[in-house]
Every structure is written in structure tokens, then in C-alpha cells.
*Asks:* 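Below is the structure I would like to discuss, written out as C-alpha cells.
Bear in mind the structure is a predicted one, so any value in this text is a computation, not a measurement. By convention in this document, chain letters (A, B, ...) are assigned in the order of the sequence lines, proteins followed by strands, and residues within each chain are numbered from 1.
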Amino acid sequence: MSSQITMGSFKNVASTPFFVPLSQEIDSFEVWNMTQMDATVRGVSGSTAGTRIIRAYFNRYLAAGTALVDQAGTFSGTIAPVSSGNLAINGFTLFNAAAQANGPNISGASFVPGQPTVFTASAHGFQVGDIVRIVSLASAPELGGLVMTVTAVTTNTFTTLLDSTNSLTSTFTVYKVGNSSFPPRSLYYPEVRVIAKITKANPMVVTTLVQQNYQVGDVVRFQIPVAYGMQQLNSTQNGLPVQFTVSAVNNAVGTQTVTFENVDSTNFTTFASILAAQFPQSLPVMIPQGEGNTNNFVLTPPSPLPYANQDILGFAKQNLGQNGILIGTGDGTASATTGGIIGSTQDIWYWRAMSSLQNFPQVG
Amino acid sequence: MAPPINCTNGTNGDNPTNISPLDCSKAVRLLRTANAQFIMDLIEGEDKFGTAPVRTCFFGLTHTNLSADLDQMVGFQNVAQYSNTANLLQSEWGTVRNIRFLLSSVGSISVAASANGADVYNIFLPGQESYDMVDLDGYSAQFIYAPPEIASPRLRLYQTAGWKMAQVFNITNTSWIVNLRCTLQVAL
């Protein structure tokens, strides 16, 4: 146990928050925007555009999402005057994987039944990739409690891959359970995933409500309540699980599919969303079974098989929990309304995190 | 992650519902059909007033907030009514159908996750060998205390205590473990 200083650099993506994973307790954190201080680093040319945050500082006494910042003025040659102040929005946010809170409740007015489903909720503030849960649907209780990835947004609407075809539109409450800027909410991989839809085709394609991060060769089984149909995927009554090997995955937000090349579901019972009358109900889920350990891709090209029966550890348990700090994004200035540390340019940053052996109690 | 099934036979109008004996039977049926083995042997009946035998059981690992709901369940048998209490666990609350419930104040809760936005309580029902623990050569968990003579030898101003561990838990067969999810009927 001792004081600890950690440092590094990163190249931000324009207008995108950046997460720095750190296992240490973060007592203070600083970043320098080397690019906007006219330094050419890692192939990115320095800039003298000015009017940008060039240094930001955070400590435990500051509120989450804020920062103390230095902002450069207009450059004269190679130097610029600096103004200091408090950035009220899109600053630094500490992240503790073991103590993640849900977002605030947001009231929703309605949704358009279908697949995908478009929800209307004024000024929801969600971003594509966020994970949200809907609850308290007065006219569609069968959808209550579902968790899904946001695949598209407008100011007052958001879209998910939920199949609500058989539901009535309803008021609802929605809140964020996973932030697109942070590491996954769950501490452990792989996860059970709720199914949005299943094709009747060869090969069979399963779409999940939330990105699954599975990989080719992984083995899964299904647990589908009778009300959802397609009972052919369930394990049988003889005690042996019916397993399926993943042959392709597309984890892009808005696609979120898992393909099973060795499954022809053409003649299976249709997988359908449930009715309000079938509430309450368990969820249809896809369950990770273990690393690739079965080879049932016989006669399936290409050959030799690049997947299945391979010595892969795709479904080996992994603890994904990590702490760190999120660096917010805005227009790269200290503006109270549009500000944020990271701006609309791609810059090279130097960062330094410090953990103190001892913290003095607050005095006065 | 243990595969989830919702309680659906309770009466509180939520999804999942509050726990009911039938939900317990369904969860046990699922495990037994998958050939999961019980954890605890049966406790035979004895000639003692107010007691009854206890079935062979899986353990149900859940939160102490469920204790009142369990007490309300028809057929629930508190540990005081076991015909033999020789091998009780300190956290054991009682039994219904083929489940003996172990309660902990750090039991798993999914906050505001039900259809009505109530907290969902996860009851983990593991069968034998459904999960295992991988130790790293006996390293396991260590609690390390450094007295002032070691932590700050010059002036002996402070001492340190901490823990570290190197072990992994792993679900070996997802068919042999179930997460029975429920909400509360008896409000906190």
C-alpha cells in the first residue's frame, strides 16, 4: 500500500467520450490536450486554433461530470493566454463496476407496436448503444422489465429491436441500466440473453434484445416458454440439453444476431411475441453452455472447419469488472451549455492518475 | 449466469410474481428433469410434537427480505418444525416442497427490474456439481494485516489491513442450476 501515480496517453475519437480503465483508487486525475497545445505527437499535428480546453483536472471533492479546466485563448505565434474555470457538464465521472446505479426514471408516452419498436419519451437523453429497461406499461404489462439496447434515437424517441407486434401501445417508464460509454454493466461474461426474434430459415438466425458478444464456436442452449412458440429449440425431457453451436455473430448495435448454420428452423413453430393475456411469463433466453466443445458442423463448408470442436475459450468465464474514469465530450470548451473536455477534433491526450496513501480529513 | 425463470403463480400482479409453492415445484421439476442431483438428504420424521419430515432438497440461496413472504407461503415449514435440527445451517430459514432456503443480507437483488418496476429477488437453486471453484494452488483468499512495526516502522504511525484472492467460480452445467426470480408480496 503506497501512493501511486499512473500515466499514459490516448487518441480520442471526435465527439466521443473516452473511458480510461484503472484498477487503482483515483484521488486525482489530470489530462493535457497536447494537440491543442500545438504539440505534434503520434502523427497528429499540433493545432493553434485556440479557444479549446487544454488541461482538465479532477479530484474527489468535485461533483461527478464536472472538471476544473484551463482553456487556451487566441494563439500568438506558438503560445496562447489561458483562462481557468469550472466545467459544469461533460467533465470527469468516476466509474466503479461494483457500484453501478440505474439512471433516473423517464416517463414515456407511447410506443408503436412492431419490430423494431419505436418508443416516445420526451427528452430521454439516451444515446445509441445505451441499454435501457422499460417498466410499468399499463396496457402492455407483458413487456415490463425487458432490457434492450437502444439502436436509434431522436430527441423524443428511441428504437430497440423489441418485437411488440402483439402488444397494445402503452405509457411506460424507462431508465438506463447500461451506458454506451462505460464497460458492460454485468461483471461476468458470458451472459444469458433474452431473444427478440428467431427466423424460420436455414440457417437459423437469432436476434437478441441486447448485444451478446458471443463468438463463433460457442455453444448455447435455449429456454423458451411455451407462450413464445418454437419449442423445438428447448431441451427435451430425457435430461440431456439440446445444444447449438454458433456459426456466425454480428454484434453491431441494431443487428445483434447469432447464426446457427447447422439448424434448419424452416418447419419449426413460429417464434412470436406474447399477448397481454399471457402475462406473467418467463423470458425466452439463449444460454451460454461452455467453450466450443461439440462438432456438429459435419459437411458444412468451409473445410476444414474454422470453428467448433476447437480449443477455444470463447465462453470461459471472464470477470469484466473494471473501474476507471470517463472523460466527457462536448464542444471542447468550458461552455456551461455545450461544453465538454473532448471536442469535435481528434486529439492526442496525456493523462495522469494519482492515488494517495493518506487523505487528510476535510478541514473547516 | 444461472438461467432465469420467473415466478408466475403468485398473486401480486407483477412479473415475476411473488413466490408460491407451485413456482418452487416448477423450478425443482426443471432441475430434476435435467437430472440435477439434490444437495441435502431427507430428514426422516420423528415422534416430536409440531414437527414434520423434510424432503430431499436443493438449497435456495436468496435475500433476507424474502423471509416474510416465505412465512406466508402455504406449506412453508420453518426450521423449528424440522423433525431433526442437528445439521441446520445458521442462515437456514425453512423449507417448502423440495427447497431449503438459505437467507443472506447480501442476497442478490435486481433493482427495479420487474414489470411494475419493483425489486426482483433472485433465488439461486444449484444442484450438485452445477458450479465449481478453481483455486490457484491453494492461494485462495488471504487477509493480510501489517502492524505499525511493519507498515510504518520509523514512527509507527499507521497500520494496514487488506485482502486479496485468486479464485474463480464457474458454472459447470447450466441445466443444473436455476435462478428463480420473484418479487415481494409483503412490503418492506
*Asks:* Name the region of B:Ala146, side chain, backbone, both or neither, that has any atom closer than 4.5 Å to a heavy atom of chain A.
*Replies:*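 Looking at B:Ala146, nothing touches chain A.
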
*Asks:* Please determine whether the number of non-hydrogen atoms from other residues, nucleotides or ligands lying under 6.0 Å from atom NZ of A:Lys176 exceeds 12.
*Replies:* yes

*Asks:* Other residues, nucleotides and ligands only: do more than 12 of their heavy atoms fall within 6.0 Å of CD on A:Glu25?
*Replies:*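 For A:Glu25, atom CD is not crowded (no more than 12 foreign heavy atoms under 6.0 Å).
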
*Asks:* How many angstroms lie between CG in B:Asp14 and CZ in A:Phe279, if you round to the nearest 0.5 Å?
*Replies:*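 Nearest 0.5 Å value for the CG-CZ distance: 6.0 Å.
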
*Asks:* Answer yes or no: does atom OH of A:Tyr175 have more than 12 heavy-atom neighbours from other residues, nucleotides or ligands under 6.0 Å?
*Replies:* yes

*Asks:* Would you mind checking which part of A:Asn238 comes under 4.5 Å of any heavy atom in chain B, side chain (CB onward), backbone (N, CA, C, O), both or neither?
*Replies:*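 Just its backbone gets close to chain B.
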
*Asks:* Checking A:Arg221 side chain against B:Thr174 main chain: does a donor-acceptor pair fall under 3.5 Å?
*Replies:* yes

*Asks:* Could you check whether atom CD of A:Gln115 has more than 12 heavy atoms from other residues, nucleotides or ligands sitting under 6.0 Å from it?
*Replies:*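 Atom CD in A:Gln115 is crowded, with more than 12 foreign heavy atoms closer than 6.0 Å.
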
*Asks:* Which atoms of B:Ser114 are under 4.5 Å from chain A, going by heavy atoms: the side chain, the backbone, both sets, or neither?
*Replies:* backbone

*Asks:* Just wondering, are more than 12 heavy atoms of other shown residues or ligands nearer than 6.0 Å to CD in B:Glu44?
*Replies:*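 Counting neighbours around CD of B:Glu44, 12 or fewer heavy atoms of other residues, nucleotides or ligands fall under 6.0 Å, so no.
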
*Asks:* Judged by atom type as modelled, is there a donor-acceptor pair below 3.5 Å linking the side chain of A:Ser282 to the main-chain atoms of B:Asn6?
*Replies:*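 Side chain of A:Ser282 to backbone of B:Asn6: a pair is present.
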
*Asks:* Considering only heavy atoms and a distance below 4.5 Å, find which of B:Val111, B:Asn15, B:Thr172, B:Val120 pairs most often with chain A.
*Replies:*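 Top count of heavy-atom pairs under 4.5 Å with chain A: B:Asn15.
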
*Asks:* Give a yes or no answer on whether the side chain of A:Gln223 reaches the backbone of B:Pro4 with a donor-acceptor pair at less than 3.5 Å.
*Replies:*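 Judged by distance alone, yes, a pair lies under 3.5 Å.
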
*Asks:* Quick check for you: among B:Ala113, B:Pro16, B:Cys7, which has the greatest number of heavy-atom pairs under 4.5 Å with chain A?
*Replies:*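 Result: the option with the highest number of such pairs is B:Ala113.
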
*Asks:* Please name the pair of heavy atoms, one in B:Ser175 and one in A:Pro241, separated by the smallest distance, quoted to 0.1 Å.
*Replies:* OG-CB, 3.7 Å

*Asks:* Out of A:Ala101, A:Gly144, A:Pro280, which one racks up the most heavy-atom pairs below 4.5 Å with chain B?
*Replies:* A:Pro280

*Asks:* Write down the atom of B:Asn116, the atom of A:Val135, and the distance for their closest heavy-atom approach.
*Replies:*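 Nearest heavy atoms, B:Asn116 then A:Val135: C-CB, 4.4 Å.
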
*Asks:* Pick from B:Ala112, B:Ala36, B:Ser110, B:Gly10: which one has the most heavy-atom pairs with chain A under 4.5 Å?
*Replies:*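 Option with the greatest count: B:Ala112.
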
